[in-house]
Amino acid sequence: MYIEFVIVDNFVLTLLAGSAAARLCHKRVNIWRLIAAAAVGTVVAVFYPFLHSSAAELAVKLALWCVLSSIMFFKTQKFAVSSVLFLGCTFAFGGASYALGLILYSSASGAAEFCRKYPLCLTLGTGAAVYIGMRGVAKRLRLKRAREPYDYGAEVEIFGRKLTFEAFLDTGNCVFDPRTGLPVMITDAERFTSKLDASGAGEFVKNIDKFRTMTVETAAGETRIYILKPKSVTVYSDRHGHKIDAMVGLVGGRRFGSAHEMLIGPAAISEAV
């Protein structure tokens, strides 16, 4: 029973820990290296009961960590960081079961008994839960890092009020106002009007028939937008504000999600960065 537990437990958790460490370092997972490392770790773990010295067991585990890290991450970028993360993930998976026992029983003895009662399914189940959580964190960090160069803040002064938007640099936004020649920053009418106060919203509705319109090409086809001339536009990049000349284009309804409220074209920010 011990051998079966060690084989399944160590093999699967080593795979999960190595995969999580690689993903946290934004690296592609090499499945064959992971399998080789998991196999080596499992073979060594079978002989742990024959080590009767705590110092000897610690030395073997440290040596094993170095060997497994070399198998998985040797000659890859961020070798040291990946190795430390692998160690941290191993601790996280190993401690997840004990932490669950502490939550349920509120005592060290109860947590230990809980882990002994449900060894295999508990260890693998909590390990899988931690792995899924780490993958989610890695995905969010990767997405955030990829978007950072394209995230801007925009402040539009119009109808007597300054409206702030979370803007995104859209390299596909090449819309220019044919009358003024200025680039057009695009948002949706519902989000725009929701940022206005009562007097501003009233002025917007009162003058809506006077706004110019133009047709633009989008991925979904042709769309008609309203063109507004703001009193001023400030674009924020790296916490620094830059005044630019641009128009505001409104598409009908609510088209943008919560992450980005406005699309700015490269021409609009060329003078701001």
Side-chain angles (χ1 to χ4, degrees), residues 24 26 136-273:
L24 288 173
H26 310 291
V137 170
K139 183 177 179 180
R140 288 182 176 273
L141 290 174
R142 187 181 296 114
L143 185 60
K144 183 177 184 298
R145 185 171 297 179
R147 284 179 171 175
E148 279 178 353
Y150 302 92
D151 288 332
Y152 288 83
E155 183 180 80
V156 178
E157 185 175 358
I158 192 169
F159 300 133
R161 185 177 179 183
K162 292 183 178 180
L163 313 180
T164 59
F165 295 86
E166 294 293 330
F168 184 77
L169 174 59
D170 179 14
T171 55
N173 179 8
C174 301
V175 180
F176 290 86
D177 177 25
R179 180 176 297 181
T180 63
L182 295 176
V184 179
M185 307 190 309
I186 299 177
T187 184
D188 60 62
E190 184 175 333
R191 187 177 300 277
F192 179 83
T193 54
S194 68
K195 294 177 179 291
L196 295 171
D197 56 16
S199 61
E203 187 175 351
F204 173 79
V205 173
K206 181 180 178 181
N207 294 281
I208 191 170
D209 293 334
K210 300 178 183 179
F211 299 142
R212 291 186 293 110
T213 61
M214 64 176 291
T215 301
V216 297
E217 291 284 346
T218 67
E222 291 188 347
T223 300
R224 199 150 189 85
I225 63 174
Y226 290 97
I227 301 296
L228 283 69
K229 173 61 178 176
K231 183 177 180 181
S232 67
V233 176
T234 304
V235 172
Y236 292 90
S237 173
D238 297 328
R239 299 183 181 180
H240 299 290
H242 306 272
K243 294 283 187 181
I244 66 171
D245 291 323
M247 306 294 283
V248 174
L250 303 182
V251 296
R254 190 179 186 90
R255 304 289 186 88
F256 293 83
S258 58
H260 300 106
E261 304 172 317
M262 176 177 282
L263 298 180
I264 301 180
I269 65 163
S270 60
E271 59 185 278
V273 295

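Just the heavy atoms: all of them, side chains too, but no hydrogens, waters or symmetry mates, feed the values below.
- Not counting sequence neighbours, Phe165 has no partner by the ring pair (Phe, Tyr, Trp, His ring centres under 6.0 Å) test.
- In this structure Thr193 satisfies the side-chain hydrogen bond (donor to acceptor under 3.5 Å, both in side chains) test with no other residue, sequence neighbours excluded.
- A 4.5 Å side-chain heavy-atom check between Met262 and Val156 finds at least one atom pair inside the cut-off.
- Using a distance-only test at 3.5 Å, with no hydrogens or angles considered, a donor-acceptor pair links the side chain of Lys195 to the main chain of Thr164.
- Glu261 places a side-chain N or O within 3.5 Å of a backbone atom of Glu166 that can act as its donor or acceptor partner.
- Once rounded to the nearest 0.5 Å, the distance linking OG of Ser194 with CG of Leu163 reads 9.0 Å.
- Atom CD1 of Ile264 sits about 10.5 Å away from atom OG1 of Thr187, to the nearest 0.5 Å.
- Under the rule for a side chain to side chain contact (heavy atoms under 4.5 Å, CB included), the partners of Lys229 that lie at least two apart in sequence or sit in another chain are Leu182, Met247.
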Compile the donor-acceptor pairs under 3.5 Å between side chains in residues 199-209 and protein atoms, sequence neighbours left out, one pair per line.
residue, atom, partner, partner atom, Å
Ser199, OG, Asp197, OD1, 3.1
Asn207, ND2, Glu203, O, 2.7

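- The distance from the CZ atom of Arg191 to the CG atom of Leu196 is 13.0 Å, given to the nearest 0.5 Å.
- For Thr234, the side chain to side chain contact (heavy atoms under 4.5 Å, CB included) partners are Glu155, Tyr236, Lys243, not counting sequence neighbours.
- By the side-chain hydrogen bond (donor to acceptor under 3.5 Å, both in side chains) test, Thr180 is found to be paired with Asp177, residues two or more places apart in sequence or in another chain being considered.
- By the neighbour-count criterion of 12 heavy atoms within 6.0 Å, atom CZ of Arg179 is sparsely surrounded, having that number or fewer from other residues, nucleotides or ligands.
- Judged as a side chain to side chain contact (heavy atoms under 4.5 Å, CB included), and not counting sequence neighbours, the contacts of Phe176 are Pro183, Ala267.
- Atom CZ of residue Arg224 and atom CE of residue Met214 lie 9.0 Å apart, to the nearest 0.5 angstrom.
- At least one side-chain heavy atom of Phe192 sits under 4.5 Å from a side-chain heavy atom of Ile158.
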